[in-house]
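Notes follow once the structure below has been shown.
All values reported here derive from a predicted model rather than from experimental measurement. Sequence lines set the chain letters: A, B, ... in the order given, protein chains first and strands last, and positions in each chain run from 1.
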Amino acid sequence: MRYSEMFLPTGREVPSDAELASHQLMIRAGMIRKLTSGIYSYLPLGYRVIRKVEQIIREEMNRAGAQEVFLPMVQPAELWQESGRWVHYGKELLRFRDRHDREYCLGPTHEEVITDLVRNGIKTYRQLPRNLYQIQTKFRDEIRPRFGVMRCREFGMKDAYSFDADEAGAEISYRKMFEAYNRIFTRCGLNFRPVEADSGSIGGSYSHEYMVMADSGEDAVCFCNACQYAANLEKAEIAGPAGDQPSGPALPLEEVHTPGVRTIEEVCAYLQVAQQEVVKTLIFSADGEPVAVLIRGDHEVNETKVRNHLGCDALDLAPDEMIFKVTRSPRGFAGAIGIKARIIADYSLKETYNCIMGANREDYHLRNVNPGRDFKVEGYADLRVIRETDPCPRCGGEIHFARGIEVGHVFKLGTKYSKAMKAAYLDQNGRERMMVMGCYGIGIGRTVAAAIEQNHDADGIVWPLPLAPYHVIITPVNVKERSLSEAAEGIYRSLLEKGVEVILDDRDERAGVKFKDADLIGIPYRVTIGPKNLAEGKAETRRRRTGEVAILSLSEVEAFLMDRIREGI
RNA sequence: CGGGGCGUAGCGCAGCCCGGUAGCGCACCUGCUUUGGGAGCAGGAUGUCGCAGGUUCAAAUCCUGCCGCCCCGACCA
């Protein structure tokens with residue numbers, strides 16, 4: 001492509017409303033433009049990169065035995081009512097009516113559509129397993145879109161759905177996708193790792209997220225440096241309690257006056273005790289019902305774990321009215337004794353004795369509270385957020401924290417959708433059985449943004465070769481010098497003929513401008529045609545990532561570049 | 001949805017407090033010079049001042065309402 005003919009509006013200035021490097025660079029490099037909140041256009045350069053990612057995904061999905069389909073983005077309400085998600089999905093689901101006043105939504109995901117398609121097309125175990133995927137635009141009406149294409153409302157996604165006859169088959173399908181995803185992100189040149197994840201409202205039993213490691217990532221993950229364990233922080237398990245019994249004598253319960261002392265910090269300072277001697281009583285509203293969650297003062301509640309333990313949909317910290325209703329006291333003095341709510345406790349409470357707790361009475365706390373003796377706990381569970389000082393739940397090794405960008409997610413769905421929507425088949429014995437499903441997503445735009453987060457420097461983007469929109473840019477330093485233009489043209493034509501993706505920067509611009517743009521858009525190799533080298537029949541080849549320069553005779557340039565492109569470096 | 005901020009040329013911003021008929025930098029167009037890391041000089045074009053209403057002789061500026069965008073929080077496959 002001739003630069004002079006490209007639609008490639010690059011910018012020198014950092015956009016004021018973009019904070020992430022990837023967001024700033026995608027705008028500056030002329031890859032994307034925002035149309036409205038959370039909705040972006042891809043310009044030619046950006047779209048080429050999108051297509052590279054899509055192509056890698058297609059090749060690996062096909063290789064794993066999946067087949068490509070293309071499903072509608074506009075979906076009827078009935079399907080979502082059938083699965084139950086018309087009610088449960090919430091405001092992220094953009095709903096609207098057509099001229100006949102029928103209800104529809106824009107697809108934020110396609111479990112309903114694919115399940116409907118498959119239940120009508122598959123009747124027998126002989127037709128299983130199947131894995132269907134598509135690359136489609138999704139719409140999720142995010143509360144607060146941000147970070148450019150990283151968290152937007154309209155976005156491109158690859159989603160795949162597997163259908164198996166039984167659990168064992170579903171496990172195999174899941175493994176296949178797990179491996180395909182590893183290949184996909186490896187081919188994209190990303191530093192990533194799969195981590196165990198919560199399956200969230202999409203339902204299902206088991207899932208992994210693919211995290212591209214980046215300090216700017218929105219997700220916190222932890223991983224063990226001794227074994228393979230890695231998990232999203234909200235999922236990360238904590239090893240159960242060592243002992244089951246408090247290891248000291250229970251002292252008599254005692255009420256202490258604690259005027260205006262509400263937070264754990266205030267309690268500790270006022271009573272001169274350590275945080276782990278205090279028990280926090282957090283009152284949640286779980287689907288509208290009050291639940292008291294007990295946890296040690298120095299620990300933090302993991303709401304995802306609480307939600308999963310209770311099996312509820314909505315979980316919020318209780319409003320003041322609810323707190324008053326169950327404790328007969330204002331916020332800050334809640335305790336387990338006499339509370340009118342279900343009580344669940346973190347495992348760590350099993351080993352706690354003679355602790356400090358709110359008295360359910362304004363300006364009072366209790367000393368020497370002992371679970372079992374003083375109140376009854378409905379159940380103990382792992383309910384807190386893992387800390388870096390906790391041991392690995394698998395091997396006891398050291399845990400480390402890092403941040404990541406979620407670019408892919410694989411789920412075992414089980415029969416959640418097949419049951420709800422009656423996706424059944426007949427087995428060998430002629431008995432009707434539900435298909436066992438899995439679903440597998442990759443955020444395309446987000447993968448591109450994540451690649452930039454990991455591959456940029458002060459001058460701009462540094463594309464990994466497999467994602468680069470072009471491999472080579474040829475830069476004659478002065479197009480008015482006929483000899484320079486002609487030499488550049490010559491190399492350009494011969495590279496084009498060999499199928500190399502190449503830009504000829506034939507603009508009548510100063511060399512500095514061209515160099516800056518070439519660096520900004522991150523083309524892996526630049527061939528500079530300048531008067532001094534050309535006088536000796538040579539040209540300069542420069543590698544974007546390292547700045548490494550090779551002065552080669554014109555006849556060598558082509559082979560030099562093709563070798564490197566073939567090797568993918 | 002709660003808190004904060006911002007809407008003025010393609011982009012980034014000043015002007016608003018204290019009302020008087022709109023400006024700066026970059027980008028853009030023309031010419032000359034320059035030509036290996038975002039050039040110089042000269043000339044030029046570019047605006048429903050977010051929208052609607054109100055106050056006033058006069059509104060970018062003051063008042064009211066609305067819309068949009070950004071940041072923090074809550075939320076989230």
Side-chain angles (χ1 to χ4, degrees), chain A residues 9-20 23-24 27-28 30 33-39 85 88-93 107-111 138-148 150-153 155 157-159 161 197-204 207-210 218-219 232 234-235 303-304 307 313-317 319 406-413 416 438-443 446 458-460 475-481 484-485 505 507-520 526-534 539-540 542 547 549 551:
Chain A
T10 58
R12 187 182 351 203
E13 277 165 45
V14 178
S16 60
D17 55 356
E19 14 180 11
L20 284 195
H23 186 192
Q24 295 171 352
I27 292 168
R28 288 188 53 210
R33 286 292 182 269
K34 182 169 72 183
L35 181 63
T36 183
S37 179
I39 299 180
R85 291 206 292 182
H88 286 116
Y89 208 95
K91 288 191 181 161
E92 269 185 47
L93 185 65
T109 173
H110 283 71
E111 281 81 11
K138 310 284 189 193
F139 193 92
R140 294 181 191 172
D141 201 358
E142 289 280 346
I143 297 175
R144 182 145 91 86
R146 59 189 122 174
F147 308 137
M150 198 78 91
R151 184 162 216 73
C152 50
R153 299 196 292 170
F155 59 99
M157 185 173 179
K158 187 286 302 178
D159 51 325
Y161 303 89
D198 184 63
S199 48
S201 75
I202 205 154
S207 101
H208 284 89
E209 288 168 340
Y210 283 77
E218 284 192 272
D219 289 281
N232 191 308
E234 67 174 14
K235 167 75 178 180
E303 292 194 20
T304 302
R307 194 188 311 266
D313 288 321
L315 185 77
D316 303 287
L317 275 173
E406 180 192 348
V407 291
H409 204 156
V410 293
F411 294 85
K412 273 172 77 173
L413 290 176
K416 174 174 165 146
C439 81
Y440 318 93
I442 293 178
R446 192 182 270 197
D459 293 314
T475 308
V477 298
N478 182 351
V479 291
K480 286 183 180 149
E481 289 280 346
L484 299 182
S485 293
D505 194 348
R507 293 175 300 165
D508 182 13
E509 287 286 356
R510 298 167 62 86
V513 173
K514 297 186 181 191
F515 293 155
K516 288 289 183 191
D517 277 332
D519 287 349
L520 178 61
R526 187 181 82 205
V527 179
T528 310
I529 313 291
K532 278 186 211 127
N533 285 320
L534 189 62
E540 172 191 297
R542 186 171 193 275
V549 162
I551 312 283

With a cut-off of 3.5 Å and sequence neighbours excluded, list every side-chain donor-acceptor pair involving residues 510-517 of chain A.
{"from": "A:K514", "atom 1": "NZ", "to": "A:P476", "atom 2": "O", "distance (Å)": "2.9"}
{"from": "A:K514", "atom 1": "NZ", "to": "A:D505", "atom 2": "O", "distance (Å)": "2.9"}
{"from": "A:K514", "atom 1": "NZ", "to": "A:R507", "atom 2": "O", "distance (Å)": "2.9"}
{"from": "A:D517", "atom 1": "OD1", "to": "A:T10", "atom 2": "OG1", "distance (Å)": "2.9"}
{"from": "A:D517", "atom 1": "OD2", "to": "A:R507", "atom 2": "NH1", "distance (Å)": "3.1"}
{"from": "A:D517", "atom 1": "OD2", "to": "A:R507", "atom 2": "NH2", "distance (Å)": "3.2"}

From the candidates B:rG37, B:rC75, B:rA39, the one with an atom nearest any side-chain atom of A:V513 is B:rA39
Across all chains, not counting sequence neighbours, the side-chain hydrogen bond (donor to acceptor under 3.5 Å, both in side chains) partners of A:R153 are A:D141
Tell me what A:P108 touches on the nucleic acid: a base, only sugar-phosphate, or nothing, going by heavy atoms under 4.0 Å. base
Sugar-phosphate, base or nothing in reach of A:R542, heavy atoms under 4.0 Å
base
For atom P, what is the distance between B:rG12 and B:rA27, given to the nearest Å? 15 Å
In whole angstrom, give me the gap between the P atoms of B:rC70 and B:rU34. 47 Å
Walking RNA chain B from its 5' end, the first of A:K138 and A:I143 to be reached, judged by nearest nucleotide, is A:I143
Letter by letter from the 5' end, nucleotides 30-36 of chain B scores (B base, S sugar-phosphate only, - none; protein heavy atoms under 4.0 Å) ----BBB
Value for CG (A:N232) from CD (A:E209), rounded to nearest 0.5 Å, stands at 4.5 Å
Here the distance between atom P of B:rG2 and atom CZ of A:R144, to the nearest Å, is 15 Å
Separation of B:rG10 atom C1' from A:K34 atom NZ, nearest Å, is 16 Å
For A:E19, the salt bridge (Lys or Arg N to Asp or Glu O under 4.0 Å) test, sequence neighbours excluded, returns none
Sorted by chain and number, sequence neighbours left out, salt bridge (Lys or Arg N to Asp or Glu O under 4.0 Å) with A:D219 holds for none
- With respect to the phosphate group of B:rC70, does any side-chain polar atom (N or O) of A:S37 fall under 4.0 Å of OP1 or OP2? yes
Sequence neighbours excluded, the answer for side-chain contact (heavy atoms from CB on, under 4.5 Å) partners of A:A539 is A:V527, A:I529, A:L554, A:V557
